[in-house]
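What follows is a short report on a single structure.
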Amino acid sequence: MNLNSKDKGWFGIVIAVWVIILAVLIFILPKGNAGSAGQSSLSSTLNQITPATGPALMADAEINPADVYGDEYQGILTLCSNEPPELQQIKLELVGQDLDLGGDYDYVLLLPMDQNAEIGVDQVSTDQIQLCPEFEGQSAAMQQAIPMNTPLPFYKDGEAWTLGYRI
């Protein structure tokens with residue numbers, strides 16, 4: 001190619017940017033299904049995060065459920081031991097299995113793309129993560145599913161992560 005020195009400089013910049021983008025796509029971004037429910041969990045994801053710091057922060061981290069669980073699900077719903085019994089019953093019927101709601105565990109219900117597929121369940125220790133924190137004596141339980149690509153805010157409260165914003 002016959003390029004003058006100015007064009008050679010721009011050509012070099014374009015090639016360098018292309019190589020950087022390719023490296024990011026290959027090495028940094030999460031792999032397709034590497035975060036499916038059987039391979040990854042909210043607990044292990046949050047354990048790998050160093051909380052952000054600063055006096056004005058309302059959340060220490062934001063987690064995109066699709067990055068944790070993969071792309072085979074369309075949405076998530078929490079099921080917590082401290083939510084109203086009527087809401088628990090509706091969610092348990094949706095899952096079709098008995099889950100321990102004695103207070104040691106809460107659950108992330110993973111709603112599959114395929115309506116005929118089983119709902120995935122990620123069991124979360126309430127000692128590590130509070131999915132349904134209480135505000136003024138009321139559980140902040142999810143009453144409807146949220147899409148997988150909706151970032152969820154978490155903040156560190158002592159040793160446990162809490163879903164929601166620091167108030």
Side-chain angles (χ1 to χ4, degrees), residues 25 27-54 57-167:
L25 290 174
F27 298 109
I28 297 176
L29 291 179
K31 306 285 188 251
N33 282 336
S36 67
Q39 299 170 340
S40 187
S41 70
L42 186 59
S43 297
S44 63
T45 300
L46 284 170
N47 284 336
Q48 297 174 15
I49 292 177
T50 302
T53 58
L57 290 177
M58 293 178 63
D60 294 333
E62 284 193 348
I63 303 294
N64 187 334
D67 292 341
V68 176
Y69 301 112
D71 58 4
E72 61 197 69
Y73 300 101
Q74 65 178 329
I76 66 165
L77 189 62
T78 59
L79 172 59
C80 301
S81 56
N82 65 342
E83 60 187 56
E86 310 82 39
L87 190 54
Q88 285 178 345
Q89 190 59 39
I90 291 169
K91 293 177 182 180
L92 285 170
E93 288 173 9
L94 182 69
V95 174
Q97 58 181 299
D98 286 331
L99 299 173
D100 175 15
L101 293 173
D104 293 332
Y105 300 102
D106 289 335
Y107 302 89
V108 178
L109 306 181
L110 305 164
L111 309 175
M113 292 284 192
D114 179 2
Q115 299 293 337
N116 298 322
E118 278 189 32
I119 292 177
V121 177
D122 182 11
Q123 181 175 314
V124 176
S125 170
T126 55
D127 290 339
Q128 295 177 345
I129 301 172
Q130 292 293 320
L131 291 177
C132 300
E134 291 192 9
F135 298 104
E136 298 179 2
Q138 298 289 324
S139 170
M142 282 187 194
Q143 296 186 11
Q144 54 187 333
I146 61 168
M148 290 300 282
N149 60 354
T150 304
L152 300 175
F154 285 89
Y155 65 92
K156 195 83 173 198
D157 187 15
E159 292 300 313
W161 287 95
T162 302
L163 175 60
Y165 291 104
R166 185 179 287 116
I167 296 178

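Residue E93 qualifies as enclosed at atom CD: its count of foreign heavy atoms under 6.0 Å is above 12.
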Using distance only, find each side-chain donor-acceptor pair of residues 95-102 under 3.5 Å and give its atom names and separation, not counting sequence neighbours.
unit_1 : atom_1 : unit_2 : atom_2 : d
D100   : OD1    : G102   : N      : 2.9

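Between L77 atom CG and I119 atom CD1 the span is 8.5 Å, to the nearest 0.5 Å. Between atom CD1 of residue I129 and atom CD1 of residue I63 there is a gap of 9.0 Å, rounded to the nearest 0.5 Å. Taking CD of Q89 as the reference point, atom CG of L94 lies at 11.5 Å (rounded to 0.5 Å). Rounding to the nearest 0.5 angstrom, the gap separating the CD atom in E83 from the NZ atom in K91 is 3.5 Å.
When all heavy atoms are compared, the tightest approach of G70 to M148 is O-CE, 4.0 Å. C132 and T78 make their closest contact through SG-OG1, 3.7 Å (heavy atoms, listed as atom of the first residue, atom of the second, distance). Closest approach of D127 and A160 over heavy atoms only: O-CB, 3.5 Å. When all heavy atoms of A61 and W161 are compared, the closest pair comes out as CB-CZ3, 4.0 Å. Q143 and L87 get closest at one heavy-atom pair: CG-CD2, 4.0 Å. The nearest pair of heavy atoms linking L131 to V108 is CD1-CG2, 3.8 Å.
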Legend entry - Chi angles and distances behind the side chain to side chain donor-acceptor pair (under 3.5 Å) call for Y69, D122: CA-CA 9 Å; Y69 301 112; D122 182 11; 2.5 Å; yes

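Formation of a donor-acceptor pair under 3.5 Å by the T126 side chain with backbone atoms of G103 is found in this model. Judged by distance alone, the side chain of Q74 and the main-chain N or O of P112 form a donor-acceptor pair under 3.5 Å. In terms of modelled atom types and a separation under 3.5 Å, the side chain of Q88 and the main chain of C80 share a donor-acceptor contact. Listed for the T150 side chain is no donor-acceptor partner under 3.5 Å among the backbone atoms of I146.
I76 is not listed as a side-chain neighbour of L109, based on a closest heavy-atom distance of 4.5 Å or more. Annotation: side chain of L110 is not in contact with side chain of V121 (no heavy-atom distance under 4.5 Å).
Each salt bridge (charged side-chain N to carboxylate O under 4.0 Å, His left out) pair with one or both residues in residues 105-119, not counting sequence neighbours, would appear here, but there are none.
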